[in-house]
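In what follows, every heavy atom counts, from backbone to side chain, and hydrogens, waters and symmetry copies are set aside. In what follows, chains are A, B, ... by sequence order, proteins preceding strands, each numbered from 1.
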There are 2 protein chains.
Amino acid sequence: MPRPSTPLLSPGRIRSVALAIIDRDGLDGLSMRKLAAELGVQAASLYGHVRTKDQLLNDIASTVLSAVDVSGFEVDWREGLIRCARSYRAALLTHPNIVPFLAYGPAGRDESLQRLDLLHGALVDAGWSRREATMIAAGLMYIVFGAALSSFSSGFSSDPADYVDRYPHLDRAHLLPGVARELDRDSFELALAAFVRGL
Amino acid sequence: MPRPSTPLLSPGRIRSVALAIIDRDGLDGLSMRKLAAELGVQAASLYGHVRTKDQLLNDIASTVLSAVDVSGFEVDWREGLIRCARSYRAALLTHPNIVPFLAYGPAGRDESLQRLDLLHGALVDAGWSRREATMIAAGLMYIVFGAALSSFSSGFSSDPADYVDRYPHLDRAHLLPGVARELDRDSFELALAAFVRGL
DNA sequence: CGACTAACCGAACAGTGTTAGGTTAACTCA
DNA sequence: TGAGTTAACCTAACACTGTTCGGTTAGTCG
(Lines give C-alpha, C1' and ligand atoms only; values in the text may rest on other atoms or scores of the structure.)
Protein backbone atom coordinates (compact mmCIF):
# COMPACT_ATOMS: atom_id res chain seq x y z
CA MET A 1 0.00 0.00 0.00
CA PRO A 2 1.79 3.11 -1.22
CA ARG A 3 1.21 6.70 -0.31
CA PRO A 4 -2.20 6.96 1.35
CA SER A 5 -4.54 9.89 0.75
CA THR A 6 -4.15 11.20 4.26
CA PRO A 7 -0.81 10.47 5.95
CA LEU A 8 -0.99 7.83 8.65
CA LEU A 9 2.13 9.02 10.40
CA SER A 10 3.33 12.22 11.97
CA PRO A 11 6.09 12.85 14.50
CA GLY A 12 3.51 13.82 17.08
CA ARG A 13 1.40 10.72 16.62
CA ILE A 14 4.46 8.51 16.67
CA ARG A 15 5.65 10.08 19.89
CA SER A 16 2.33 9.78 21.64
CA VAL A 17 1.75 6.15 20.68
CA ALA A 18 5.34 5.32 21.64
CA LEU A 19 4.84 6.95 25.02
CA ALA A 20 1.63 4.99 25.50
CA ILE A 21 3.51 1.75 24.81
CA ILE A 22 6.24 2.72 27.24
CA ASP A 23 3.66 3.50 29.90
CA ARG A 24 1.90 0.20 29.29
CA ASP A 25 4.74 -2.23 28.58
CA GLY A 26 7.80 -0.55 30.03
CA LEU A 27 10.86 0.82 28.34
CA ASP A 28 11.96 -2.56 27.00
CA GLY A 29 8.46 -3.13 25.71
CA LEU A 30 8.94 -0.50 23.02
CA SER A 31 10.30 -1.77 19.72
CA MET A 32 10.11 -0.09 16.37
CA ARG A 33 8.17 -3.00 14.90
CA LYS A 34 5.64 -3.02 17.71
CA LEU A 35 5.29 0.73 17.51
CA ALA A 36 4.76 0.51 13.76
CA ALA A 37 2.18 -2.26 14.15
CA GLU A 38 0.26 -0.18 16.66
CA LEU A 39 0.28 2.67 14.14
CA GLY A 40 -0.98 0.36 11.39
CA VAL A 41 2.24 0.56 9.46
CA GLN A 42 5.53 -1.25 8.75
CA ALA A 43 8.62 -0.54 10.82
CA ALA A 44 10.63 0.98 8.00
CA SER A 45 8.03 3.67 7.46
CA LEU A 46 8.83 5.21 10.81
CA TYR A 47 12.22 6.26 9.58
CA GLY A 48 10.69 8.82 7.29
CA HIS A 49 9.55 10.73 10.35
CA VAL A 50 12.05 9.80 13.00
CA ARG A 51 15.81 9.82 12.67
CA THR A 52 16.50 7.02 15.10
CA LYS A 53 14.96 5.27 18.07
CA ASP A 54 17.28 7.06 20.44
CA GLN A 55 16.25 10.40 19.00
CA LEU A 56 12.62 9.41 19.37
CA LEU A 57 13.17 8.61 23.04
CA ASN A 58 14.93 11.91 23.52
CA ASP A 59 12.02 13.76 21.94
CA ILE A 60 9.57 11.92 24.15
CA ALA A 61 11.66 12.74 27.19
CA SER A 62 11.67 16.38 26.18
CA THR A 63 7.90 16.55 25.89
CA VAL A 64 7.49 14.78 29.21
CA LEU A 65 9.86 17.23 30.87
CA SER A 66 8.22 20.24 29.28
CA ALA A 67 5.75 20.15 32.16
CA VAL A 68 8.47 21.29 34.54
CA ASP A 69 7.64 24.64 36.08
CA VAL A 70 10.49 27.13 36.47
CA SER A 71 8.30 30.13 37.02
CA GLY A 72 8.54 30.26 40.82
CA PHE A 73 11.82 32.12 40.78
CA GLU A 74 10.11 35.41 40.18
CA VAL A 75 8.73 35.18 43.69
CA ASP A 76 11.60 33.77 45.69
CA TRP A 77 14.49 31.49 44.92
CA ARG A 78 13.50 29.04 47.65
CA GLU A 79 9.99 28.93 46.30
CA GLY A 80 11.42 28.53 42.82
CA LEU A 81 13.55 25.58 43.83
CA ILE A 82 10.71 23.83 45.59
CA ARG A 83 8.21 24.42 42.81
CA CYS A 84 10.70 23.30 40.20
CA ALA A 85 11.54 20.12 42.09
CA ARG A 86 7.91 19.26 42.72
CA SER A 87 6.81 19.76 39.15
CA TYR A 88 9.86 17.85 37.93
CA ARG A 89 9.00 14.91 40.11
CA ALA A 90 5.36 15.11 39.10
CA ALA A 91 6.33 14.98 35.45
CA LEU A 92 8.52 11.94 35.96
CA LEU A 93 5.88 10.25 38.07
CA THR A 94 3.36 10.52 35.26
CA HIS A 95 5.58 8.34 33.05
CA PRO A 96 7.83 6.41 35.41
CA ASN A 97 8.93 3.91 32.79
CA ILE A 98 10.88 6.48 30.86
CA VAL A 99 13.02 7.43 33.85
CA PRO A 100 15.60 4.67 33.28
CA PHE A 101 16.21 6.14 29.85
CA LEU A 102 16.99 9.51 31.37
CA ALA A 103 19.62 7.78 33.44
CA TYR A 104 21.78 7.48 30.36
CA GLY A 105 22.59 11.16 30.63
CA PRO A 106 21.16 14.40 29.24
CA ALA A 107 23.40 14.08 26.21
CA GLY A 108 21.26 15.55 23.49
CA ARG A 109 18.28 16.96 25.31
CA ASP A 110 18.23 20.62 24.61
CA GLU A 111 15.36 21.66 26.82
CA SER A 112 16.88 20.11 29.91
CA LEU A 113 19.93 22.27 29.50
CA GLN A 114 17.85 25.31 28.72
CA ARG A 115 15.95 24.78 31.94
CA LEU A 116 19.17 24.24 33.85
CA ASP A 117 20.53 27.43 32.38
CA LEU A 118 17.46 29.37 33.45
CA LEU A 119 17.55 27.93 36.96
CA HIS A 120 21.22 28.79 37.20
CA GLY A 121 20.64 32.35 36.11
CA ALA A 122 17.86 32.83 38.63
CA LEU A 123 20.09 31.67 41.48
CA VAL A 124 22.87 33.99 40.40
CA ASP A 125 20.40 36.86 40.25
CA ALA A 126 19.38 35.99 43.80
CA GLY A 127 22.92 36.57 44.97
CA TRP A 128 24.59 33.17 44.82
CA SER A 129 27.95 32.82 43.13
CA ARG A 130 28.10 30.99 39.83
CA ARG A 131 29.76 28.05 41.44
CA GLU A 132 27.26 27.88 44.27
CA ALA A 133 24.39 28.17 41.83
CA THR A 134 25.70 25.23 39.86
CA MET A 135 26.05 23.13 42.97
CA ILE A 136 22.59 23.99 44.22
CA ALA A 137 21.02 23.17 40.89
CA ALA A 138 22.93 19.90 40.82
CA GLY A 139 21.81 19.03 44.33
CA LEU A 140 18.22 19.64 43.39
CA MET A 141 18.55 17.32 40.42
CA TYR A 142 20.08 14.67 42.65
CA ILE A 143 17.00 14.62 44.81
CA VAL A 144 14.56 14.71 41.92
CA PHE A 145 16.21 11.95 39.91
CA GLY A 146 17.08 9.91 42.94
CA ALA A 147 13.47 10.04 44.04
CA ALA A 148 12.24 9.08 40.59
CA LEU A 149 14.61 6.14 40.39
CA SER A 150 14.90 4.46 43.71
CA SER A 151 11.26 4.70 44.59
CA PHE A 152 9.58 2.17 46.79
CA SER A 153 6.50 1.82 44.66
CA SER A 154 8.30 1.00 41.44
CA GLY A 155 11.31 -0.55 43.09
CA PHE A 156 10.19 -3.67 44.85
CA SER A 157 6.51 -3.88 45.47
CA SER A 158 5.96 -6.98 43.38
CA ASP A 159 5.66 -9.65 46.05
CA PRO A 160 5.94 -8.28 49.60
CA ALA A 161 5.89 -11.72 51.18
CA ASP A 162 9.34 -12.56 49.86
CA TYR A 163 10.95 -9.70 51.69
CA VAL A 164 9.38 -9.89 55.11
CA ASP A 165 11.26 -12.89 56.43
CA ARG A 166 14.74 -11.95 55.36
CA TYR A 167 14.78 -8.25 56.21
CA PRO A 168 13.36 -7.90 59.70
CA HIS A 169 13.51 -4.11 59.82
CA LEU A 170 11.74 -3.49 56.55
CA ASP A 171 8.15 -3.44 57.56
CA ARG A 172 5.80 -5.25 55.26
CA ALA A 173 3.51 -2.25 55.42
CA HIS A 174 6.09 -0.25 53.50
CA LEU A 175 5.60 -2.45 50.52
CA LEU A 176 1.86 -2.08 50.10
CA PRO A 177 1.37 -0.07 46.92
CA GLY A 178 -0.74 2.63 48.50
CA VAL A 179 1.54 3.18 51.44
CA ALA A 180 4.60 2.99 49.23
CA ARG A 181 3.37 5.81 47.05
CA GLU A 182 2.66 8.00 50.03
CA LEU A 183 6.03 7.08 51.53
CA ASP A 184 7.75 8.06 48.32
CA ARG A 185 6.10 11.44 48.39
CA ASP A 186 6.92 12.05 52.03
CA SER A 187 10.52 10.93 51.60
CA PHE A 188 10.87 13.28 48.68
CA GLU A 189 9.35 16.17 50.58
CA LEU A 190 11.56 15.45 53.57
CA ALA A 191 14.72 15.41 51.49
CA LEU A 192 13.68 18.50 49.57
CA ALA A 193 12.80 20.46 52.70
CA ALA A 194 16.00 19.44 54.46
CA PHE A 195 18.06 20.39 51.44
CA VAL A 196 16.51 23.81 50.89
CA ARG A 197 16.55 24.62 54.57
CA GLY A 198 20.17 23.59 54.87
CA LEU A 199 21.38 26.03 52.22
CA MET B 1 37.39 -27.91 21.11
CA PRO B 2 35.63 -29.88 23.81
CA ARG B 3 36.30 -29.98 27.49
CA PRO B 4 39.76 -28.49 28.07
CA SER B 5 42.16 -29.85 30.68
CA THR B 6 41.85 -26.81 32.90
CA PRO B 7 38.52 -24.95 32.73
CA LEU B 8 38.67 -21.66 30.87
CA LEU B 9 35.62 -20.22 32.56
CA SER B 10 34.51 -19.50 36.07
CA PRO B 11 31.79 -17.20 37.39
CA GLY B 12 34.40 -14.94 38.91
CA ARG B 13 36.45 -14.63 35.75
CA ILE B 14 33.32 -14.02 33.69
CA ARG B 15 32.22 -11.29 36.04
CA SER B 16 35.55 -9.52 36.11
CA VAL B 17 36.00 -9.53 32.33
CA ALA B 18 32.41 -8.41 31.88
CA LEU B 19 32.96 -5.53 34.26
CA ALA B 20 36.12 -4.57 32.41
CA ILE B 21 34.15 -4.45 29.15
CA ILE B 22 31.46 -2.33 30.77
CA ASP B 23 34.08 0.06 32.11
CA ARG B 24 35.74 0.29 28.72
CA ASP B 25 32.83 0.21 26.26
CA GLY B 26 29.83 1.20 28.32
CA LEU B 27 26.79 -0.79 29.33
CA ASP B 28 25.59 -1.24 25.76
CA GLY B 29 29.07 -2.35 24.78
CA LEU B 30 28.65 -5.60 26.66
CA SER B 31 27.24 -8.48 24.64
CA MET B 32 27.46 -12.15 25.45
CA ARG B 33 29.32 -12.87 22.21
CA LYS B 34 31.86 -10.13 22.83
CA LEU B 35 32.30 -11.26 26.40
CA ALA B 36 32.80 -14.83 25.22
CA ALA B 37 35.30 -13.77 22.58
CA GLU B 38 37.28 -11.85 25.16
CA LEU B 39 37.32 -14.99 27.28
CA GLY B 40 38.51 -17.11 24.35
CA VAL B 41 35.28 -19.02 24.14
CA GLN B 42 31.94 -19.26 22.31
CA ALA B 43 28.88 -17.44 23.59
CA ALA B 44 26.92 -20.58 24.38
CA SER B 45 29.57 -21.74 26.80
CA LEU B 46 28.82 -18.88 29.15
CA TYR B 47 25.45 -20.32 29.95
CA GLY B 48 27.03 -23.19 31.81
CA HIS B 49 28.24 -20.70 34.40
CA VAL B 50 25.72 -17.88 34.22
CA ARG B 51 21.95 -18.21 34.25
CA THR B 52 21.22 -15.14 32.16
CA LYS B 53 22.76 -11.83 31.20
CA ASP B 54 20.50 -9.98 33.57
CA GLN B 55 21.60 -12.21 36.42
CA LEU B 56 25.21 -11.62 35.47
CA LEU B 57 24.68 -7.86 35.63
CA ASN B 58 22.99 -8.21 38.98
CA ASP B 59 25.93 -10.21 40.29
CA ILE B 60 28.36 -7.62 39.00
CA ALA B 61 26.31 -4.86 40.61
CA SER B 62 26.37 -6.73 43.89
CA THR B 63 30.14 -7.07 43.89
CA VAL B 64 30.53 -3.39 42.98
CA LEU B 65 28.23 -2.39 45.82
CA SER B 66 29.91 -4.69 48.30
CA ALA B 67 32.40 -1.85 48.87
CA VAL B 68 29.70 0.18 50.62
CA ASP B 69 30.59 0.84 54.22
CA VAL B 70 27.80 0.62 56.79
CA SER B 71 30.05 0.39 59.80
CA GLY B 72 29.84 4.03 60.85
CA PHE B 73 26.58 3.58 62.70
CA GLU B 74 28.33 2.15 65.72
CA VAL B 75 29.78 5.59 66.33
CA ASP B 76 26.92 7.93 65.52
CA TRP B 77 23.97 7.77 63.19
CA ARG B 78 24.99 11.00 61.44
CA GLU B 79 28.48 9.69 60.94
CA GLY B 80 26.97 6.42 59.74
CA LEU B 81 24.82 8.16 57.16
CA ILE B 82 27.67 10.27 55.85
CA ARG B 83 30.13 7.40 55.69
CA CYS B 84 27.58 5.19 54.00
CA ALA B 85 26.72 7.82 51.41
CA ARG B 86 30.35 8.59 50.65
CA SER B 87 31.40 5.00 50.25
CA TYR B 88 28.31 4.32 48.15
CA ARG B 89 29.15 7.16 45.82
CA ALA B 90 32.78 6.10 45.69
CA ALA B 91 31.74 2.59 44.67
CA LEU B 92 29.49 3.88 41.91
CA LEU B 93 32.13 6.31 40.73
CA THR B 94 34.62 3.49 40.23
CA HIS B 95 32.32 1.92 37.65
CA PRO B 96 30.05 4.69 36.40
CA ASN B 97 28.86 2.78 33.38
CA ILE B 98 26.96 0.27 35.45
CA VAL B 99 24.86 2.95 37.15
CA PRO B 100 22.22 3.06 34.42
CA PHE B 101 21.61 -0.62 35.01
CA LEU B 102 20.97 0.02 38.68
CA ALA B 103 18.34 2.51 37.62
CA TYR B 104 16.08 -0.37 36.65
CA GLY B 105 15.37 -0.98 40.30
CA PRO B 106 16.86 -3.16 43.02
CA ALA B 107 14.52 -5.96 42.01
CA GLY B 108 16.65 -9.00 42.64
CA ARG B 109 19.69 -7.66 44.40
CA ASP B 110 19.80 -9.25 47.76
CA GLU B 111 22.72 -7.39 49.25
CA SER B 112 21.23 -3.98 48.54
CA LEU B 113 18.20 -4.87 50.59
CA GLN B 114 20.33 -6.39 53.29
CA ARG B 115 22.26 -3.15 53.52
CA LEU B 116 19.07 -1.12 53.52
CA ASP B 117 17.72 -3.31 56.28
CA LEU B 118 20.83 -2.78 58.38
CA LEU B 119 20.76 0.98 57.83
CA HIS B 120 17.11 1.05 58.78
CA GLY B 121 17.71 -0.91 61.95
CA ALA B 122 20.52 1.40 62.99
CA LEU B 123 18.33 4.47 62.60
CA VAL B 124 15.57 2.89 64.64
CA ASP B 125 18.07 2.02 67.35
CA ALA B 126 19.10 5.67 67.36
CA GLY B 127 15.60 6.70 68.26
CA TRP B 128 13.90 7.38 64.94
CA SER B 129 10.51 5.88 64.24
CA ARG B 130 10.28 3.13 61.66
CA ARG B 131 8.62 5.46 59.24
CA GLU B 132 11.16 8.21 59.74
CA ALA B 133 13.99 5.72 59.36
CA THR B 134 12.60 4.56 56.05
CA MET B 135 12.28 8.10 54.80
CA ILE B 136 15.78 9.05 55.87
CA ALA B 137 17.27 6.01 54.23
CA ALA B 138 15.32 6.79 51.08
CA GLY B 139 16.49 10.40 51.08
CA LEU B 140 20.07 9.27 51.39
CA MET B 141 19.66 6.98 48.40
CA TYR B 142 18.12 9.84 46.43
CA ILE B 143 21.24 11.90 46.86
CA VAL B 144 23.63 9.03 46.18
CA PHE B 145 21.91 7.81 43.04
CA GLY B 146 21.06 11.26 41.83
CA ALA B 147 24.69 12.25 42.16
CA ALA B 148 25.84 9.13 40.34
CA LEU B 149 23.42 9.71 37.50
CA SER B 150 23.15 13.37 36.74
CA SER B 151 26.83 14.10 37.09
CA PHE B 152 28.52 16.83 35.18
CA SER B 153 31.55 14.79 34.26
CA SER B 154 29.70 11.88 32.70
CA GLY B 155 26.70 13.91 31.63
CA PHE B 156 27.80 16.37 29.02
CA SER B 157 31.50 16.98 28.90
CA SER B 158 31.96 15.74 25.36
CA ASP B 159 32.24 19.00 23.45
CA PRO B 160 32.01 22.08 25.68
CA ALA B 161 32.09 24.48 22.77
CA ASP B 162 28.60 23.48 21.68
CA TYR B 163 27.05 24.52 24.94
CA VAL B 164 28.66 27.86 25.57
CA ASP B 165 26.76 29.89 23.02
CA ARG B 166 23.31 28.63 23.74
CA TYR B 167 23.32 28.53 27.52
CA PRO B 168 24.79 31.84 28.67
CA HIS B 169 24.72 31.06 32.38
CA LEU B 170 26.45 27.71 32.15
CA ASP B 171 30.07 28.62 32.35
CA ARG B 172 32.34 26.80 29.97
CA ALA B 173 34.68 26.18 32.87
CA HIS B 174 32.07 23.90 34.42
CA LEU B 175 32.47 21.51 31.57
CA LEU B 176 36.20 20.94 31.70
CA PRO B 177 36.67 17.37 32.85
CA GLY B 178 38.85 18.19 35.84
CA VAL B 179 36.62 20.95 37.12
CA ALA B 180 33.52 18.89 36.46
CA ARG B 181 34.77 16.03 38.62
CA GLU B 182 35.55 18.39 41.45
CA LEU B 183 32.23 20.12 41.01
CA ASP B 184 30.45 16.79 41.21
CA ARG B 185 32.16 16.00 44.46
CA ASP B 186 31.42 19.39 45.97
CA SER B 187 27.80 19.31 44.85
CA PHE B 188 27.42 15.90 46.41
CA GLU B 189 29.03 17.01 49.65
CA LEU B 190 26.86 20.10 49.75
CA ALA B 191 23.67 18.13 49.24
CA LEU B 192 24.71 15.49 51.74
CA ALA B 193 25.68 18.02 54.39
CA ALA B 194 22.49 20.03 53.89
CA PHE B 195 20.38 16.89 54.11
CA VAL B 196 21.99 15.48 57.24
CA ARG B 197 22.01 18.86 58.95
CA GLY B 198 18.39 19.44 58.09
CA LEU B 199 17.17 16.27 59.81
C1' DC C 1 37.43 -50.63 31.76
C1' DG C 2 32.79 -48.48 31.52
C1' DA C 3 29.49 -44.98 32.86
C1' DC C 4 28.81 -40.42 33.79
C1' DT C 5 29.39 -35.69 34.15
C1' DA C 6 31.40 -31.16 33.03
C1' DA C 7 32.88 -28.04 29.71
C1' DC C 8 32.95 -26.51 25.60
C1' DC C 9 31.18 -25.94 20.44
C1' DG C 10 28.13 -25.22 16.05
C1' DA C 11 23.89 -24.09 14.53
C1' DA C 12 19.77 -22.31 15.04
C1' DC C 13 15.56 -19.34 16.70
C1' DA C 14 13.16 -15.33 17.43
C1' DG C 15 13.85 -10.86 18.08
C1' DT C 16 16.31 -6.10 17.62
C1' DG C 17 17.49 -1.30 15.02
C1' DT C 18 18.30 0.22 10.59
C1' DT C 19 18.96 0.74 5.43
C1' DA C 20 18.30 0.11 0.28
C1' DG C 21 15.41 0.00 -3.38
C1' DG C 22 10.81 -0.21 -5.20
C1' DT C 23 5.82 1.37 -5.88
C1' DT C 24 2.36 4.60 -6.19
C1' DA C 25 -0.49 8.50 -4.64
C1' DA C 26 -0.53 13.41 -4.32
C1' DC C 27 1.26 17.78 -5.45
C1' DT C 28 3.47 21.36 -8.76
C1' DC C 29 3.78 23.75 -12.82
C1' DA C 30 3.78 24.49 -17.78
C1' DT D 1 -4.75 18.65 -18.94
C1' DG D 2 -0.40 16.12 -18.65
C1' DA D 3 4.49 15.44 -17.23
C1' DG D 4 7.70 15.47 -13.53
C1' DT D 5 8.79 15.48 -8.83
C1' DT D 6 8.22 14.45 -4.18
C1' DA D 7 6.31 12.13 -0.15
C1' DA D 8 4.71 8.13 2.09
C1' DC D 9 4.51 3.80 2.37
C1' DC D 10 6.16 -1.14 1.33
C1' DT D 11 9.22 -5.62 1.03
C1' DA D 12 13.52 -7.58 1.85
C1' DA D 13 17.54 -7.73 3.82
C1' DC D 14 21.78 -6.95 7.02
C1' DA D 15 24.17 -7.33 11.10
C1' DC D 16 23.29 -7.70 15.42
C1' DT D 17 21.13 -9.40 20.11
C1' DG D 18 20.07 -13.14 24.15
C1' DT D 19 19.23 -17.82 24.51
C1' DT D 20 18.56 -22.95 23.65
C1' DC D 21 19.36 -27.54 21.62
C1' DG D 22 22.07 -31.32 20.49
C1' DG D 23 26.49 -32.75 19.86
C1' DT D 24 31.65 -34.02 21.15
C1' DT D 25 35.12 -35.02 24.14
C1' DA D 26 38.26 -34.64 28.60
C1' DG D 27 38.19 -35.68 33.18
C1' DT D 28 36.46 -38.42 37.15
C1' DC D 29 34.36 -42.08 39.84
C1' DG D 30 32.93 -46.97 40.69
Checklist entry - A:F101 has an atom CZ; how far is it from atom P of C:dG17, in whole Å? => result 13 Å
Next on the checklist: When you measure from the side-chain N and O atoms of B:T52 to the phosphate of D:dG18, is any distance below 4.0 Å, counting only OP1 and OP2?
Outcome noted: no
Item to check | A:H49 side chain near D:dC9 phosphate (N/O to OP1/OP2, under 4.0 Å) | outcome: yes
Checklist entry - Can you list the residues that meet the ring pair (Phe, Tyr, Trp, His ring centres under 6.0 Å) rule with B:Y88, with sequence neighbours excluded? => result B:F145
Next on the checklist: Rounded to whole Å, please give me the gap between NZ in B:K53 and C1' in D:dC16.
Outcome noted: 12 Å
Checklist entry - Which residues satisfy the salt bridge (Lys or Arg N to Asp or Glu O under 4.0 Å) test with A:D69, sequence neighbours excluded? => result none
Checklist entry - Out of curiosity, B:L119 CG to B:I136 CD1, how far, rounded to the nearest 0.5 Å? => result 9.5 Å
Item to check | Contact list for DNA chain D against residues 22-47 of chain B - heavy-atom distance below 4.0 Å | outcome: B:L30, B:S31, B:M32, B:R33, B:A44, B:Y47
Item to check | Test side chain to side chain contact (heavy atoms under 4.5 Å, CB included) applied to A:S16 - qualifying residues, sequence neighbours left out | outcome: none
Checklist outcome for this item: Those residues at least two apart in sequence (or on a different chain) that pass side chain to side chain contact (heavy atoms under 4.5 Å, CB included) with A:V17 are A:I21, A:L35, A:E38, A:L39
Checklist entry - Please give, in whole Å, the distance from D:dA8 C1' to A:L9 CG? => result 9 Å
Item to check | side chain to side chain contact (heavy atoms under 4.5 Å, CB included) partners of B:T52, counting only residues at least two apart | outcome: B:D54, B:Q55
Checklist entry - What is the distance from CZ of A:R13 to P of D:dA8, rounded to the nearest Å? => result 14 Å
